[in-house]
Amino acid sequence: ASDFGDLLLGTASGGSNSSSTRASYAGGQQPTASNTIMAVEMASRGNAFDFGNLTRSSNHVGGAASSTTRGLFQGGDPSTDIIDYITIATAGDAADFGNLSVAKYYAKAISNATRAVIGGGNNGSAKLNVMEYVTIASTGNVTDFGDLGAARENVMGGNVSSSTRGVFGGGEEGDIVNIIEYITIASTGNATDFGNLTSARWLMGGGCSNSTRSIFTAGSSLGGSNPAINTLDY
């Protein structure tokens with residue numbers, strides 16, 4: 001990896017999404033919960049610019065859900081069921097999209113051009129295995145999609161997709177895991193085993209993909225102090 005630029009603020013545990021030209025990053029801890037949305041133009045290197053604000057301040061914002069025009073940010077800590085959306089090409093504040101089935105944090109999402117699927121998380125008292133989806137072009141509450149192989153939080157960062165398939169990698173089920181699972185986005189149903197990461201990890205820096213290849217970035221591995229790692233898997 002090469003240096004691209006800097007965010008406006010030092011932050012952790014925000015959510016991100018993108019169109020084919022612009023990437024946005026929202027919320028996170030700096031050190032208190034933030035509602036800031038920042039964006040970069042992906043074709044050129046440089047620092048982020050101020051895009052607008054979420055409808056609430058939140059740590060652990062789930063993101064990575066977008067079509068070519070619209071980006072979604074869901075859940076967060078303090079635990080919330082809110083889903084916000086932005087029009088990626090136009091800077092401005094987020095608007096209310098609808099609600100998750102329960103207030104949760106540590107959930108993540110995958111998407112294609114039409115549908116976003118949100119998986120896992122924690123409702124404040126227990127880890128969750130539920131997946132639920134929305135149609136990105138409309139607004140409204142989630143519909144049940146199916147279940148992950150186990151209740152898991154921090155499906156974190158290892159969430160990638162093509163136009164047909166969504167993949168969740170790593171996370172924490174009590175132990176940190178190297179599991180990779182996939183779904184077919186256009187249908188509903190439970191996740192299926194895909195394979196394994198090169199090491200068990202959670203708290204990943206993020207995932208990215210095109211129509212053929214996915215990359216799982218960095219994270220924290222097993223060990224008494226959960227050391228950070230800089231590995232890229234694909």
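Please read these numbers as outputs of a predicted model, since none were measured by experiment. The first residue of the sequence shown is numbered 1, and numbering continues consecutively from there. All values below were derived from every heavy atom in this structure, side-chain atoms included, with hydrogens, water molecules and symmetry-related copies excluded.
Residues Ile215 and Val160 fail the side-chain proximity criterion, which asks for heavy atoms closer than 4.5 Å. At a threshold of 4.5 Å between non-hydrogen side-chain atoms, the residues Phe168 and Ile180 do not count as touching. The closest side-chain heavy-atom distance from Gln74 to Leu100 is below 4.5 Å. Looking at Val117 and Val134, their side chains never come closer than 4.5 Å, going by heavy atoms from C-beta outward. In this structure the side chain of Leu197 reaches within 4.5 angstrom of the side chain of Phe216, judged on heavy atoms. When side chains are defined from C-beta on, Thr69 does not count as touching Ile88, because their heavy atoms never get closer than 4.5 Å. Looking at Phe73 and Ser24, their side chains come closer than 4.5 Å, going by heavy atoms from C-beta outward. Annotation: side chain of Asp144 is in contact with side chain of Val130 (closest heavy-atom distance under 4.5 Å).
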| Taking it one step at a time, do Asn99 and Asp81 satisfy side-chain hydrogen bond (donor to acceptor under 3.5 Å, both in side chains)? | CA-CA 5 Å; Asn99 298 99; Asp81 64 354; 3.2 Å; yes
| Are Ile185 and Ser161 close enough, and set up right, to give a side chain to side chain contact (heavy atoms under 4.5 Å, CB included), and what steps lead you there? | CA-CA 9 Å; Ile185 301 172; Ser161 55; 4.1 Å; yes
| said: Gln29 vs Ser34, test: side chain to side chain contact (heavy atoms under 4.5 Å, CB included). Steps then yes/no. | reply: CA-CA 6 Å; Gln29 188 174 7; Ser34 168; over 6 Å; no
| Criterion side chain to side chain contact (heavy atoms under 4.5 Å, CB included) on Thr36 and Asp50, from CA distance to verdict | CA-CA 8 Å; Thr36 302; Asp50 184 33; 4.2 Å; yes
| request: Dump the intermediate steps for side chain to side chain contact (heavy atoms under 4.5 Å, CB included) on Ile229 and Ser199, then the final yes or no. | output: CA-CA 10 Å; Ile229 57 177; Ser199 64; 3.8 Å; yes
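Ser111 contributes a side-chain N or O that, together with a main-chain N or O of Ser66, makes up a donor-acceptor pair within less than 3.5 Å. Of the possible polar contacts, none joining the Arg201 side chain to the Thr217 backbone as a donor-acceptor pair under 3.5 Å is found. No donor-acceptor pair closer than 3.5 Å links the side chain of Thr184 to the backbone N or O of Ala186. Using a distance-only test at 3.5 Å, with no hydrogens or angles considered, a donor-acceptor pair links the side chain of Glu172 to the main chain of Gly174. A donor-acceptor pair under 3.5 Å links the side-chain atoms of Thr80 to the main chain of Ile82, judged by distance alone. Between the side chain of Thr87 and the main chain of Ala89, no donor-acceptor pair closer than 3.5 Å is present. Looking at Ser13, its side chain never comes within 3.5 Å of a backbone N or O of Gly28 through a donor-acceptor pair. No side-chain donor-acceptor contact under 3.5 Å links Arg152 to the backbone of Asn129. Side-chain atoms of Glu181 come within 3.5 Å of backbone atoms of Gly149 as a donor-acceptor pair (strictly under, hydrogens ignored). Of the possible polar contacts, one joining the Ser67 side chain to the Arg70 backbone as a donor-acceptor pair under 3.5 Å is found.
The CG atom of Asn159 sits 11.0 Å away from the CD1 atom of Ile118 when rounded to the nearest 0.5 Å. How far OH of Tyr133 is from OG1 of Thr114: 10.5 Å, rounded to the nearest 0.5 Å. Between Thr143 atom OG1 and Asn141 atom CG the span is 8.5 Å, to the nearest 0.5 Å. Residue Phe194 holds its CZ atom at 7.0 Å from OG of Ser214, rounded to the nearest 0.5 Å. Atoms CD1 and CG, on Ile86 and Asn53 in that order, are 11.5 Å from each other to the nearest 0.5 Å. Put simply, CG on Leu128 and OG on Ser101 are 7.5 Å apart, with the number rounded to the nearest 0.5 Å.
Ala109 approaches Ala65 most closely through the heavy-atom pair CB-CB, 4.0 Å. Nearest heavy-atom pair across Gly120 and Ala107 is O-CB, 3.3 Å. The shortest heavy-atom contact between Gly14 and Lys108 is O-NZ, 3.7 Å. The minimum heavy-atom distance linking Ala91 with Arg22 is given by the pair N-NH1, 4.2 Å. Nearest heavy-atom pair across Tyr182 and Asp193 is CE2-O, 3.6 Å. The heavy-atom pair separating Pro78 from Ser58 by the smallest distance is O-OG, 4.4 Å.
For Thr198 and Asp233, the side-chain atoms include at least one donor-acceptor pair closer than 3.5 Å. Side chains of Asn123 and Ser125: a donor-acceptor N/O pair is present below 3.5 angstrom, by distance only.
Residue pairs meeting the ring pair (Phe, Tyr, Trp, His ring centres under 6.0 Å) criterion with at least one member in residues 21-51, sequence neighbours excluded, do not occur.
Only one option out of Asp96, Asp93, Asp84 pairs with Arg56 in a salt bridge (charged side-chain N to carboxylate O under 4.0 Å, His left out); it is Asp84.
With hydrophobic clusters built from ILVMFWY side chains whose heavy atoms lie under 4.5 angstrom apart, Val142 does not share a cluster with Met131. Linking Ile, Leu, Val, Met, Phe, Trp and Tyr residues whenever their side-chain heavy atoms come within less than 4.5 Å leaves Val40 and Ile37 in two separate clusters. Hydrophobic cluster membership differs between Val61 and Leu72, with clusters built from Ile, Leu, Val, Met, Phe, Trp and Tyr side chains linked at under 4.5 angstrom.
For Arg165, there are no salt bridge (charged side-chain N to carboxylate O under 4.0 Å, His left out) partners two or more places apart in sequence or in a different chain.
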Name each donor-acceptor pair under 3.5 Å that joins a side chain in residues 2-10 to protein atoms two or more places apart or in another chain, with its distance.
none

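The aromatic rings of Tyr106 and His60 sit tilted, their planes meeting at an angle between 30° and 60°.
Using a 4.0 Å cut-off between charged side-chain N and carboxylate O, Glu132 and Lys104 make a salt bridge.
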